[in-house]
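As structure tokens, the structure follows; a few thoughts come after it.
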Amino acid sequence: MDFTGPGFEQDEHGAYLRFDDKAQVVFDEWYGELMTKLEGDDHPVLLEHMGKYRSLMPSLALIFHLVEVADGVAQAGPVS
């Protein structure tokens, strides 16, 4: 399937959206803090639970972005 439109990029694995520059900075800071916590000595169950946040946060950001685009609040393009 061929996706075209503002912000969509495509490679051999399929189509995808990226964070915009500002959101990428926020994500990088958040991700760095999460990885530091995951290297800590907390209980293994807690570390395993927090490890799932690596994909949860960007997934939620994409869902919220798509809802805002569908609602007309945001423009199609990179995830903000």
Side-chain angles (χ1 to χ4, degrees):
M1 183 180 271
D2 184 33
F3 288 91
T4 58
F8 275 105
E9 298 186 30
Q10 199 161 354
D11 63 13
E12 66 275 5
H13 302 291
Y16 56 93
L17 289 170
R18 294 185 180 273
F19 284 123
D20 66 16
D21 292 339
K22 184 178 176 183
Q24 185 66 53
V25 169
V26 171
F27 174 77
D28 290 343
E29 290 173 4
W30 172 85
Y31 190 79
E33 290 174 14
L34 176 64
M35 296 311 293
T36 299
K37 289 178 184 178
L38 291 177
E39 294 170 0
D41 59 352
D42 288 326
H43 193 279
V45 173
L46 180 60
L47 295 174
E48 187 173 326
H49 175 74
M50 289 183 353
K52 295 177 182 178
Y53 289 11
R54 289 179 282 212
S55 66
L56 177 63
M57 189 272 232
S59 296
L60 287 173
L62 176 60
I63 291 168
F64 293 144
H65 173 73
L66 293 174
V67 167
E68 288 178 349
V69 169
D71 196 33
V73 176
Q75 291 185 337
V79 178
S80 58

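In this structure the side chain of Leu17 reaches within 4.5 angstrom of the side chain of Leu62, judged on heavy atoms. In this structure the side chain of Pro78 never reaches within 4.5 angstrom of the side chain of Phe19, judged on heavy atoms.
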Would you mind writing out the side-chain donor-acceptor pairs for residues 30-44 within the sub-3.5 Å range, not counting sequence neighbours?
from	atom 1	to	atom 2	distance (Å)
Thr36	OG1	Gly32	O	3.0
His43	ND1	Val45	N	3.1

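Closest heavy-atom contact between Ala23 and Ser80: CB-C, 3.7 Å.
When the side-chain hydrogen bond (donor to acceptor under 3.5 Å, both in side chains) test is applied to Glu48, no partner is found at least two apart in sequence or on another chain. By the side-chain hydrogen bond (donor to acceptor under 3.5 Å, both in side chains) test, Asp28 pairs with Gln24, sequence neighbours left out. Shown here are the ring-ring contact (aromatic ring centres under 6.0 Å, His included) partners of Phe64, two or more places apart in sequence or in another chain: there are none. Take Asp21 and apply the side chain to side chain contact (heavy atoms under 4.5 Å, CB included) test, not counting sequence neighbours, and it matches no residue.
Leu56 and Met50 fall within a single hydrophobic cluster, where Ile, Leu, Val, Met, Phe, Trp and Tyr side chains are chained together by heavy-atom contacts under 4.5 Å.
The side-chain hydrogen bond (donor to acceptor under 3.5 Å, both in side chains) analysis of residues 51-72, with sequence neighbours excluded, yields the pairs His49-Tyr53.
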